[in-house]
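This report refers to the structure that appears directly beneath it.
In what follows, every heavy atom counts, from backbone to side chain, and hydrogens, waters and symmetry copies are set aside. In what follows, residues are counted from 1 in the order of the sequence shown.
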Amino acid sequence: MAEVLVLVDHTEGEIKKSTLELLTAARTLGEPSAVVIAAAGATDGMAAKLAEGGAEKIYAVEGDEVFGYSVAPIVDVLAQLVAEKSPAAVLLASSQEGKEVAGRLAIRTGNGFLTEAVDVASDGTATQSIFAGSMTVQSKVTTAMPIITVRPNSIAINAQAGAGTREDVSVTLSDNSKKAQILDRKVEASGARPDLTEASKIVSG
């Protein structure tokens, strides 16, 4: 069974719920493989939860060489894994960063990408909600491998534990990938506006 690469969405090593949703969706397409891009040593704290969520493999890319820059190095990592592993698909959270990475990866690898999916079928067809949820459409790329961003809170988590076999990945970045360096990462203090993508229900009024 072909692998499905899932880019792990996390903050300071805390895995976001959207990642577990992606692992569930990935199982529909093939064998879920989590891709962790993080600071040195951070994968150890995430491995157990990723395995519980269904990751059969965990590709770890650690250190400031990759984690210390903006989205370009993430694209480098995923493009290298796509070339080496020939996955059935690549899934990412439909965040601002996820969509930018997906678009760049599509150009880099010559594959099509779909965004804002709310469901993914076994043949790679994505269901997308459009016009503020008033309509749904089904889309499928015409290239060999789809790159799909999935909207948070759209996939019901159905965790089936995977082996969680770790493989450390080394990536050499180009000078172009190092042009946008991250100088500081600030996590919102307790009591600040919550991350709504982590909420199962949102009440407003």
Minimum-distance pair of heavy atoms, taken over all atoms of Thr24 and Asn158 = OG1-N, 3.0 Å
key: Any donor-acceptor N or O pair under 3.5 Å, side chains Ser122, Thr28   = no
remark   = The single option from Leu22, Leu91, Ile147, Val82 that satisfies side chain to side chain contact (heavy atoms under 4.5 Å, CB included) with Leu5 is Val82
Main-chain N/O of Asp9 paired to Thr19 side chain as donor or acceptor, under 3.5 Å = yes
ask   = Would you say Thr11's side chain and Glu14's backbone share a donor-acceptor pair under 3.5 angstrom?
value = no
ask   = Donor-acceptor pair, Thr149 side chain versus Glu116 backbone, under 3.5 Å?
value = yes
inquiry  = Which residues end up grouped with Phe131 if you chain together Ile, Leu, Val, Met, Phe, Trp and Tyr wherever their side-chain heavy atoms are less than 4.5 Å apart?
reply    = Ile130, Met135, Val137
Between Glu62 and Thr43: side-chain donor-acceptor atoms closer than 3.5 Å = yes
message = With a 4.0 Å cut-off on N to O distance, would you call Glu3 and Lys85 a salt bridge?
response = no
request  = Say whether, by atom type as modelled, one donor and one acceptor occur between the side chain of Glu56 and the main chain of Ala51 under 3.5 angstrom.
outcome  = no
key: Non-hydrogen side-chain atoms of Ile58 and Ser33 separated by less than 4.5 Å   = no
task = Could you check Lys16 against His10 for side chain to side chain contact (heavy atoms under 4.5 Å, CB included), going step by step and ending with a plain yes or no?
result = CA-CA 5 Å; Lys16 294 188 177 182; His10 68 93; 5.6 Å; no
task = Indicate whether any N or O donor in one side chain lies under 3.5 Å from an N or O acceptor in the other, for Ser154 and Glu21.
result = no
request  = Decide yes or no for Leu92 and Val6: does some side-chain heavy atom of the first lie under 4.5 Å from some side-chain heavy atom of the second?
outcome  = no
query = If you take all heavy atoms of Val4 and Ala88, which pair is closest and at what distance?
reply = CG2-CB, 4.2 Å
message = Please find the pair of heavy atoms, one from Gly54 and one from Leu23, that lie closest to each other, and give the distance.
response = N-CD1, 4.4 Å
